[in-house]
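Side chains are part of it too, since the values below use all heavy atoms of this structure and drop only hydrogens, waters and symmetry mates. The structure displayed is predicted, hence computed values, not measured ones.
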Amino acid sequence: MTRAHVLPPAFFARPAEEVALDLLGKTLIRRRGRRLEAFGITETEAYVGPEDLACHAARGRTQRTEVMFGPAGRFYVYLIYGMYWMLNVVTGDVGHPAAVLIRGAGAIAGPGRLTRALEITSAFNGKPASARTGLWIADVGESPPADTILRTARIGVDYAGPIWAAKEYRFVLKTP
DNA sequence: GCAGTGATCATA
DNA sequence: ATGATCACTGCC
């Protein structure tokens with residue numbers, strides 16, 4: 001079933017903005033033991049590259065941001081406020097650091113709650129989004145209609161200054 | 001409204 | 001070694 005529809009690295013090897021939009025309605029799948037849990041992705045944010053002052057990579061290539069400089073389709077997971085893990089997928093070409101933050105899936109709203117519910121930690125950092133990893137994204141075939149998608153500025157990025165904070169790089173699936 | 005929490009990074 | 005910062009959440 002879902003295995004045949006695993007999103008390949010090529011899906012992620014595009015501009016973060018496109019990937020963020022296209023991830024809405026895709027299915028985040030987590031394997032825990034024998035069990036597979038599936039969650040429809042409802043909210044994403046794009047961090048588009050080193051020029052994006054809200055993107056961690058705008059501060060340069062460091063140990064933390066290293067994974068964003070690598071191949072698309074790998075997870076970038078980091079800790080925020082000492083408590084919450086943020087789940088991202090690396091996008092774009094090698095050498096161009098960008099990623100998409102997954103902020104909501106299934107009935108879970110909020111990026112910190114999502115990782116807590118799915119037990120996602122730094123153990124996934126740098127791992128490919130694949131069945132082997134135990135965490136991946138699948139295409140169920142139905143793309144959400146344009147009028148069900150809300151586009152806004154990103155959350156919590158005022159530090160990036162007025163230009164970049166105002167960019168409408170957040171995508172939300174309206175719940176019916 | 002704001003405290004909690006600790007890795008990360010710049011500065012030294 | 002030290003201090004500021006932080007792509008959040010939950011409780012006041």
Between the side chains of A/Glu17 and A/Arg151, is the shortest nitrogen-to-carboxylate-oxygen separation below 4.0 Å, so that they form an ion pair?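 Judged by the 4.0 Å cut-off on N to carboxylate O distance, A/Arg151 and A/Glu17 do form a salt bridge.
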A/Arg14 and A/Asp93 ion-paired at < 4.0 Å: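 Here A/Arg14 does not pair with A/Asp93 in a salt bridge, since their nearest N and O are not under 4.0 Å apart.
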Using a 3.5 Å limit for the pairing distances, which stems of at least 3 consecutive Watson-Crick or G-U wobble pairs does DNA chain B take part in?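 For DNA chain B the paired stretches long enough to count as stems (3 pairs minimum) are B:1-4 with C:8-11, B:6-11 with C:1-6.
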Answer yes or no on whether [X] is positioned over the face of [Y], meaning its NZ or CZ is under 6.0 Å from the six-membered ring centre and within 45° of the axis.
| X | Y | result |
| --- | --- | --- |
| A/Arg103 | A/Phe171 | no |
| A/Arg30 | A/Phe39 | no |
| A/Arg61 | A/Phe69 | yes |

Using the heavy-atom set of chain A and a strict 4.0 Å cut-off, write down the first and last nucleotide of DNA chain B that makes it in, 5' to 3'.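 Boundary nucleotides touching chain A, in 5' to 3' order, are B/dG4 to B/dA10.
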Let me have a per-nucleotide readout for nucleotides 2-12 of chain C, 5' to 3', with B, S or -, counting only protein heavy atoms under 4.0 Å. ----BBBSS--
Verify side-chain contact (heavy atoms from CB on, under 4.5 Å) between A/Ile137 and A/Val6, making sure each step is shown before the conclusion. CA-CA 6 Å; A/Ile137 302 170; A/Val6 176; over 6 Å; no
Using a 4.5 Å cut-off on heavy atoms from C-beta on, say whether the side chain of A/Phe12 contacts that of A/Val90.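 Of all side-chain heavy-atom pairs linking A/Phe12 with A/Val90, none is under 4.5 Å.
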From A/Thr44, A/Val48, A/Leu21, residue fulfilling side chain to side chain contact (heavy atoms under 4.5 Å, CB included) relative to A/Tyr169: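 Looking at A/Thr44, A/Val48, A/Leu21, the match for A/Tyr169 under the side chain to side chain contact (heavy atoms under 4.5 Å, CB included) is A/Val48.
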Can you confirm whether A/Arg59 is buried at CZ, in the sense that more than 12 heavy atoms of other residues, nucleotides or ligands lie under 6.0 Å from that atom?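 Check fails, neighbour count at 12 or below.
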Please check this pair: side chain of A/Lys167 against backbone of A/Ile163, looking for a donor-acceptor N/O pair closer than 3.5 Å.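 No; zero donor-acceptor contacts below 3.5 Å.
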